[in-house]
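To start, the structure itself, in structure tokens.
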Amino acid sequence: MLRKYWWKALSVIILIYVFIAGLTVPLSPGIERVAPTSVRTGDEFSLEVLGYNSRYDKGGPVRAWLKLDNERALEASSVQVQSGRRLTALFRIPEYLPVDRRVQDFTLILDNEADGTSVLPSAVFVTQDSIDPEMGRKAWVNSPVQDLHEEWAMTFPFRNILSETIRNTYFHVPLWFAMIFIFIASVVNSVRYLRGGSLEADNKAQAYTRVGILLGILGLTTGAIWARNTWGAYWSGDVKQNMTAIALLIYFAYFILRAVFEDPEKKARISAVYNIFAFVALIPLIYVIPRLTDSLHPGSGGNPAFGSQDLDNTMRMVFYPAVIGWTLLGFWMGNLLYRMGRLRLKLMDAL
Amino acid sequence: MGFKQENPIFAPMEILKEIGFLLRKEIRLELRTSYAISGILLYVFSTIFIVYTAFQKIQPNVWNALFWIIILFASVSAVVKSFVQENSARQLYYYSLANPISILLSKIIYNIILLLALSLLTWLGFSFVAGSPVRDTGQFFLALLLGSAGFSITFTFIAAISSKADNNATLMAILSFPLIIPILLTLIKLSANALRLMQDTAVQNDIFILLAIDLMLLGVGLALFPFLWRD
């Protein structure tokens, strides 16, 4: 029994692991917000920092930098720690900056022994009263960012807008992967039917399509909830959202087509033809058009791709199992559905 | 022409000859019973007139959207009859004479010609009452050409599927509208560029996408059609 159905048990075990690890592993320390966010050249100001999951009061002194680019940075002259999550850093911006832009953004970098390094990109915007890059280059006192603490902990990365919603990576993204695998299985069965397969192959194709639609709806829902918390609305008219909605319409049409025909052989043949045609029409929908249009999703429209930046090693330890787990669960559901369909076919023969 | 289903040998010259014959047959059939094409023309011109009286002054971006919506509905109603205008006994006779690939290809080519003529007439009629905001005529014509090809390939194949059902006009709309959206969106973008509603530096990208989608659907359609026609 276990020898035959090991993959069902595996899917359950993997998904339990995904739920526990995905929802309980803490986020790494990060910077939630700072004030003030905009200053002028020549200002001496104290920057109030609100950390997330941080322990500024433990583990040695905290150092702070405002980074201009990869070589140039300003170090805080003093850092006062109020509590684990709050500190104030004193910075002085020189009269002239070594850039010819009117407004220059600085990245805030904090470092201490307990938390390691945390970064807030474009934390402070400096407006130049008068622009003179030459003067700025001469007067610049560089204090490079160095001697950082490399802390490795079992944490998920802190991303500013995402914060805790980063955990949705284990539900939203793998559900799409699983949906595509299931739809591929469905098309394979449709091809098998057309190449002289039995009604069994058609039965499998329709069962997998059903599961694929379910996974698609779940992917769309988890995405909409995520979008509500990060982009501000459930539906932002993003190209991937629109294309997914169309893809689901195409597959709903598949079931309408099936309902039209009475004769099971005819139903199987024509819906198999449509299934393959629809799958091919789906490829530009999912893979080509979103890549060529601006999208709010990572990896398009100038947003960073889903790579080393967003998916660190700890996340990979949950993400890849999640893909396998959801896919296996999808196949299990498909398995139940086609066994049900087989019973129905048998019943029709008997009657 | 012999009985082709028994020998699956692929003969390009034979197919080309068959397509020529079938195409001539389609055109002759259309001209003989011209009620279909005149019905669609009547539909197009009355829609244009309704749109014109409703909007009076049409902005270029509205013009673009309305133009493609008129083309979309006219195309569906033009193509839907492809496989049902002749009775099934005569269709069976064609299938016994010719390769199914040449039957599908001849219908697709015929529909491309029909839809291109239809969209040119729509353009003419729409420009007559509402003015033409098209700035780049060559590009707009290219959009019409690629659009006719994409619509024809998709709708002809879906017409072949839905002709197998009794209530085929409804099924045609349900099956084809979601499938046509990627093509339609790219077309609207391309023609917005021809109307100078937006400046797209990567126009050849859109053209390439349209061509790729058209060719891909054509390939799959040709591969699948032999499974579809027999009853």
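Residue numbers start from 1 in every chain, and the chains themselves are labelled A, B, ... in the order their sequence lines are given, proteins ahead of strands. All of these numbers come straight from a predicted model, not from anything done at the bench.
- Nearest approach of Val280(A) to Met216(B), heavy atoms of both residues: O-CE, 3.5 Å.
- To the nearest 0.5 angstrom, Ser163(B) atom OG is 7.5 Å from Ile270(A) atom CD1.
- For Val260(A), the part sitting under 4.5 Å from any heavy atom of chain B is the side chain, from C-beta outward, and nothing else.
- Neither the backbone nor the side chain of Phe225(B) has a heavy atom closer than 4.5 Å to any heavy atom of chain A.
- Other residues, nucleotides and ligands place no more than 12 heavy atoms under 6.0 Å from the OH atom of Tyr234(A).
- Taking CD1 from Ile256(A) and CG from Leu175(B), the interatomic distance works out to 8.0 Å, rounded to the nearest 0.5 Å.
- In terms of modelled atom types and a separation under 3.5 Å, the side chain of Lys164(B) and the main chain of Lys267(A) share no donor-acceptor contact.
- Looking at every heavy atom in both residues, Leu224(B) comes nearest to Val273(A) through CD1-O, 3.4 Å.
- The minimum heavy-atom distance linking Pro178(B) with Ile246(A) is given by the pair O-CG2, 3.4 Å.
- When each of Thr154(B), Leu171(B), Ile180(B), Leu179(B) is checked for heavy-atom pairs under 4.5 Å with chain A, Leu179(B) comes out on top.
- By the 6.0 Å contact criterion, CD on Glu262(A) is open, its count of non-hydrogen atoms from other residues, nucleotides or ligands being 12 or less.
- In this structure, chain A has a heavy atom under 4.5 Å from the side chain of Ile181(B), while its backbone stays farther away.
- Heavy-atom contacts from other residues, nucleotides or ligands closer than 6.0 Å to CZ of Arg344(A) number 12 or fewer.
- Here the CG atom belonging to Leu228(B) is positioned 9.5 Å from the CG atom belonging to Leu194(A), to the nearest 0.5 angstrom.
- Asp263(A) CG: more than 12 foreign heavy atoms inside a 6.0 Å radius.
- When side chains are defined from C-beta on, Ile158(B) counts as touching Phe277(A), because their heavy atoms get closer than 4.5 Å.
- Of all non-hydrogen atoms in Pro182(B) and Ala281(A), the two that sit nearest each other are CG-O, 4.4 Å.
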